Amino acid sequence: MKNISLVIFGIIVACILAESGLRFYFSRHINYDMEMWKYATTLKRPVSDKRVHVHLPNKSELLMGVKVNINSQGIRDHEYTYTKPKGIFRILAIGDSFTLGWGVSEDLTFPKLLEQMFNQNSARKTEVINYGVGNYNTEQELAAFLIDGVKYQPDLILLGIYINDAEPVQNNSQDFFTKHSYFAAFVAQRYFQLRSIFSAKYKYGQYYKLFYQGELWDAYTKVIDDFAIQTKKRNIPMLAVILPDLRDLSRNIFEVENHKVLQRFSDNGVTGVSLFNAFSGIKESTVWVAKDDPHPNVLAHKIIADHLITDIRNILNWSRSEK
């Protein structure tokens, strides 16, 4: 009995030391996985509808070395009135962490860069609202649009799409330990990493390709169809934008999957564009937030905005002067 007590005591002490050590280490070193965990635990709360989770209003956190401020309406942007001011053209940029601008200052995200471009030397006032939420997929984005996004009275929807958006909604509920413990979160992250290394099923490319086949693809097409139906019902044009995987820019390993998505939107009368070729000839690491984080950095957001400005103008039939 005494030996068992000593073993239990030793395990508790080891866990406390591991927790203290990890807290100290990650207070001085930035790690993508742990920063994402911090984002989920400090800036989000669960909800019972199809969004699954939303931003906590009026909260802020330093993530990947960048301050992320969430306004009173739960978005990473300035404060807006739901009632659109007279004479304003309003674009709602819907998406995940790419649109949110993970690792990038708020004013350097592609939605805000687009806003700056539209308002430069223009008599028309344009607002581009950043409605991105990290870890959302297209189904959650549709739910967010119907629950809250429509209140902004948008004149155009800019829908960002990433390869993992066809993955079914994940209810990533956290228990007390994984929500509050660095050690528990660190162990969980290492488990997922090892799983992707040793199990062919979970290897990055193969894993996401599965969602574009069979019943999973059928389910995703219904989401795409519904998004198109809901925006058309409200007479809101939409541009579907494939945001490329920046891990390997020498070849588009998801070209087939991206084409299927764009074709489905096209079948619904929605204009779509892939931005993979916008990064042609660029070295991958030069457009990453960090060496362990292939989210688009400041340069990548500038490239995205530069290419989208023309596509949006074409949809709206706006001239460059927009007079």
Side-chain angles (χ1 to χ4, degrees), residues 36 40 44-55 92-100 102 131-150 154 157-174 192 195-196 199-234 236-247 252-276 295:
M36 268 292 182
K44 291 182 181 178
R45 65 178 177 87
V47 290
S48 58
D49 55 57
K50 290 185 177 181
R51 295 172 297 176
V52 179
H53 55 82
V54 296
H55 284 146
L92 194 64
I94 304 176
D96 58 12
S97 54
F98 272 48
T99 302
L100 173 79
W102 177 259
Y131 203 65
V133 179
N135 305 115
Y136 267 15
N137 66 8
T138 308
E139 184 176 358
Q140 290 166 289
E141 289 154 7
L142 172 58
F145 167 67
L146 295 176
I147 292 170
D148 187 65
V150 292
I157 299 297
L158 185 62
L159 179 63
I161 301 165
Y162 190 60
I163 189 61
N164 61 2
D165 283 350
E167 183 177 12
V169 176
Q170 302 294 307
N171 187 5
N172 296 319
S173 58
Q174 297 176 316
F192 290 124
R195 186 180 67 173
S196 66
S199 174
K201 176 183 176 182
Y202 293 104
K203 288 190 181 299
Y204 180 74
Q206 297 176 39
Y207 178 73
Y208 287 116
K209 284 177 179 290
L210 291 175
F211 300 115
Y212 294 84
Q213 303 170 22
E215 293 181 358
L216 292 172
W217 169 244
D218 292 339
Y220 190 48
T221 60
K222 292 178 181 178
V223 176
I224 293 174
D225 296 347
D226 195 19
F227 221 137
I229 290 169
Q230 295 299 332
T231 52
K232 285 181 179 179
K233 182 189 298 185
R234 294 165 175 81
I236 306 173
M238 179 164 61
L239 175 63
V241 182
I242 300 292
L243 298 166
D245 176 29
L246 301 178
R247 287 175 173 82
N252 187 357
I253 65 172
F254 298 117
E255 183 175 7
V256 172
E257 291 73 23
N258 292 164
H259 177 74
K260 290 179 73 171
V261 171
L262 291 179
Q263 185 60 56
R264 191 70 187 194
F265 274 107
S266 179
D267 292 343
N268 280 282
V270 175
T271 301
V273 59
S274 172
L275 295 184
F276 182 81
H295 276 85

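Keep in mind the model is a prediction, meaning the values are calculated, not measured.
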Just how far is it from atom CE of Met238 to atom NZ of Lys232, taken to the nearest 0.5 Å? 8.5 Å
Within a strict 4.5 Å, meaning less than it, do heavy atoms of the Val169 and Asn137 side chains meet? yes
Identify the heavy atoms of Gly149 and Pro154 that sit nearest to each other, and give their distance. O-CD, 3.8 Å
Under the 3.5 angstrom rule, does the side chain of Tyr220 hit a backbone N or O of Gln213 as a donor-acceptor pair? no
A side-chain contact here means heavy atoms from C-beta on lying under 4.5 Å apart; do Arg234 and Leu146 qualify? yes
Do Phe265 and Ile161 come close enough that some side-chain heavy atom pair is under 4.5 Å? yes
For the CG atom of Asp148 and the OH atom of Tyr131, what is their distance to the nearest 0.5 Å? 3.5 Å
pair Ile94-Thr99: side-chain heavy atoms closer than 4.5 Å: no
Criterion side-chain contact (heavy atoms from CB on, under 4.5 Å) on Asp226 and Glu139, from CA distance to verdict: CA-CA 9 Å; Asp226 195 19; Glu139 184 176 358; over 6 Å; no
How many angstroms lie between CG in Leu239 and OG1 in Thr271, if you round to the nearest 0.5 Å? 6.5 Å
Shortest non-hydrogen contact from Leu210 to Leu216? O-CD1, 3.8 Å
Minimal non-hydrogen separation, Leu243 against Gly160, with atom names: CD1-CA, 4.0 Å
From Ile147 atom CD1 to Arg51 atom CZ, the distance as rounded to the nearest 0.5 Å: 4.0 Å
Is there a side-chain contact between Phe145 and Phe227 (heavy atoms, below 4.5 Å)? yes
Tell me if a side-chain donor or acceptor on Ser266 pairs with a main-chain N or O of Leu262 at a distance below 3.5 Å. no
So, do Lys260 and Thr221 sit near enough that their side-chain heavy atoms are less than 4.5 Å apart? no
Go through the steps for Val241 and Phe98 under the test side-chain contact (heavy atoms from CB on, under 4.5 Å), then give the verdict. CA-CA 11 Å; Val241 182; Phe98 272 48; over 6 Å; no
Could you walk me through whether Val150 and Gln230 pass the side-chain contact (heavy atoms from CB on, under 4.5 Å) check? CA-CA 10 Å; Val150 292; Gln230 295 299 332; over 6 Å; no
Let me confirm one number: the CG-CD distance from Leu92 to Glu141, rounded to the nearest 0.5 Å. 10.5 Å
With a 4.5 Å limit on heavy-atom distance, are the side chains of Glu167 and Tyr207 in contact? yes
Kindly check if the number of other-residue, nucleotide or ligand heavy atoms within 6.0 Å of NZ (Lys50) is above 12? no
What's the verdict on side-chain contact (heavy atoms from CB on, under 4.5 Å) for Phe254 and Asp245, showing C-alpha distance, side-chain angles and the deciding distance? CA-CA 8 Å; Phe254 298 117; Asp245 176 29; 3.7 Å; yes
Give the C-alpha distance, both sets of side-chain angles, the deciding distance and a yes or no for side-chain hydrogen bond (donor to acceptor under 3.5 Å, both in side chains) between Asp165 and Tyr136. CA-CA 7 Å; Asp165 283 350; Tyr136 267 15; over 6 Å; no
Tell me if the aromatic rings of Tyr208 and Tyr212 count as close, with their centers under 6.0 Å from one another. no
Is any side-chain heavy atom of Asn135 closer than 4.5 Å to one of Val52? no
Tyr162 side, atom OH; Asp96 side, atom CG - distance, nearest 0.5 Å: 8.5 Å
Looking at Gln263, I want to see if its CD is surrounded by more than 12 non-hydrogen atoms of other residues, nucleotides or ligands under 6.0 Å. yes
Closest heavy-atom contact between Gly134 and Lys44? O-NZ, 2.7 Å
